[in-house]
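Beneath this line is the structure, given in structure tokens, with notes to follow.
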Protein chains: 2
Amino acid sequence: MTVTRAYHHGDLPRALLAAAVAAIEESGPAALSLRDLARRAGVSHAAPTHHFGDKAGLLTALAVEGFDLLAAALTAAGDDLLDVGVAYVDFAVSHRAHFEVMFRPDLYRADTPEVRAARERAGAALHLGVAALPPHRAEPGESRTDALAAWSIVHGFATLWLSGALPPDIDADPRAAARTVIRHLIPPP
Amino acid sequence: MTVTRAYHHGDLPRALLAAAVAAIEESGPAALSLRDLARRAGVSHAAPTHHFGDKAGLLTALAVEGFDLLAAALTAAGDDLLDVGVAYVDFAVSHRAHFEVMFRPDLYRADTPEVRAARERAGAALHLGVAALPPHRAEPGESRTDALAAWSIVHGFATLWLSGALPPDIDADPRAAARTVIRHLIPPP
DNA sequence: ATCGTATCTTTACGTTGACAAGAAAGCGAT
DNA sequence: ATCGCTTTCTTGTCAACGTAAAGATACGAT
């Protein structure tokens with residue numbers, strides 16, 4: 001006799017991560033409860049701990065998944081810095097649970113090799129967009145601060161939007177507002 | 001006989017806020033424990049709850065204090081957008097506990113009138129720096145996105161630095177790096 | 001001196017993360 | 001088939017946490 005479950009046997013980790021995303025989108029990563037996740041998945045209270053070691057382990061897995069998703073989204077956006085920047089903000093908006101965890105290293109183990117590798121993949125994808133910029137300034141090392149400025153402006157816009165600090169009319173269409181904001185950084189041709 | 005205490009009688013709230021700042025700087029706002037604060041202040045575990053109602057109440061007070069400190073720092077920086085921007089980053093670096101709480105509205109009551117007022121004071125101070133920019137573009141409503149772009153780039157740089165996402169050489173002198181980054185936003189005269 | 005209030009303590013309850021030990025199911029080797 | 005090993009999950013337990021209620025103590029105004 002087969003037991004009816006919400007997940008295929010052996011796929012508890014995936015189900016738990018999905019439940020964690022839903023829970024974080026509801027009430028933030030600080031209020032995440034392992035026992036609540038177990039309840040949602042219909043397993044005992046200690047099942048999550050077995051698969052992820054502890055709470056930080058679960059959030060580490062979520063962060064890795066997030067950096068990989070971000071890398072894929074940025075790569076798919078192409079070479080234009082404007083498109084890549086909008087894709088960054090779009091990722092934060094449409095994957096806010098992942099994004100909120102990714103940049104809160106006190107919640108997980110950010111120094112794991114897997115996390116480091118996934119983060120570097122995302123960073124490389126972001127740099128591709130910056131590299132397509134015309135080298136209008138001849139100063140050495142300028143492209144590095146170019147990248148840092150681009151990263152800062154899209155990351156700042158994304159986190160401000162996530163924290164609800166932006167006025168309501170921007171809340172309505174963050175992607176369009178992001179495009180306008182990023183344009184301020186790119187010199188007119 | 002007078003009892004030796006770490007704080008003047010009646011100043012427990014201040015002592016608790018100071019202890020909270022120290023605790024958050026050590027291990028982040030998520031790991032903050034009211035009972036730990038009480039231990040540090042030498043009072044019973046329920047004393048913090050009396051003064052702040054609950055944990056969110058304490059963090060609300062901390063956020064209000066933070067927005068006021070930020071407003072003061074930005075005002076003191078003057079009218080130049082570059083200076084104001086660097087002051088924003090400098091505030092995040094030198095008051096990281098306040099800053100981390102301020103932009104995490106799921107941890108406190110961000111819709112309180114006091115919080116709202118303090119946040120608007122800080123916003124007004126930031127806008128002063130943007131208003132000093134030359135109106136080089138004649139498009140209507142441009143100054144609003146100017147402000148948003150400026151806020152985004154300094155906020156993004158600050159949060160990236162706080163989350164440890166920036167390379168080590170930038171960690172060493174974030175203020176200088178911030179100045180370089182902000183310059184990317186300001187058109188050369 | 002007394003009353004009222006603010007300040008803190010004591011006690012208690014439900015929830016949480018973590019740990020340890022055990023049950024149960026899959027699985028390859030024999 | 002069945003033995004032994006591993007993975008998966010359950011059960012039981014513990015200390016720590018946030019919160020609430022009620023009692024104790026001190027302060028200040030009258």
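Convention: sequence-line order gives letters A, B, ...; per-chain numbering from 1.
The pair Asp54(B)-Arg109(B) meets the salt-bridge criterion, with a side-chain N (NZ, NE, NH1 or NH2) lying under 4.0 Å from an Asp/Glu carboxylate O.
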Nucleotide-resolved protein contact map, nucleotides 10-18 of chain C, B/S/- at heavy-atom distance under 4.0 Å: BBB---BBB
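Within residues 17-31 of chain B, no residue has a heavy atom under 4.0 Å from DNA chain C. Contacts between residues 58-66 of chain B and DNA chain C, defined by a heavy-atom separation under 4.0 Å, are absent.
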Derivation and outcome, side chain to side chain contact (heavy atoms under 4.5 Å, CB included), residues Leu58(B) and Leu37(B): CA-CA 11 Å; Leu58(B) 188 145; Leu37(B) 297 186; 3.9 Å; yes
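Considering only heavy atoms from C-beta on, Val89(A) stays 4.5 Å or farther from Arg175(A) through its side chain. Residues Phe99(B) and Thr159(B) are in side-chain contact: their nearest non-hydrogen atoms beyond the backbone lie under 4.5 Å apart. Using a 4.5 Å heavy-atom threshold, the side chains of Leu59(B) and Phe52(B) count as separate.
In this structure, His50(B) atom NE2 and dT5(C) atom P are separated by 14 Å, rounded to whole Å. To the nearest angstrom, P of dC8(C) lies 14 Å from CG of Leu37(B).
Between Tyr88(A) and Phe103(A), the ring planes are tilted. Angles from 30° to 60° get that label.
Remark: side-chain polar atoms of Arg179(B) are not paired, donor with acceptor, to backbone N or O of Val86(B) under 3.5 angstrom. At distances below 3.5 Å, at least one donor-acceptor pair connects side-chain atoms of Tyr108(B) with backbone N or O atoms of Met102(B).
The two residues Ala30(B) and Asp106(A) have their closest heavy-atom pair at CB-OD2, 4.1 Å.
Under the 4.5 Å side-chain contact rule for hydrophobic residues, Leu128(A) and Leu70(A) do not share a cluster.
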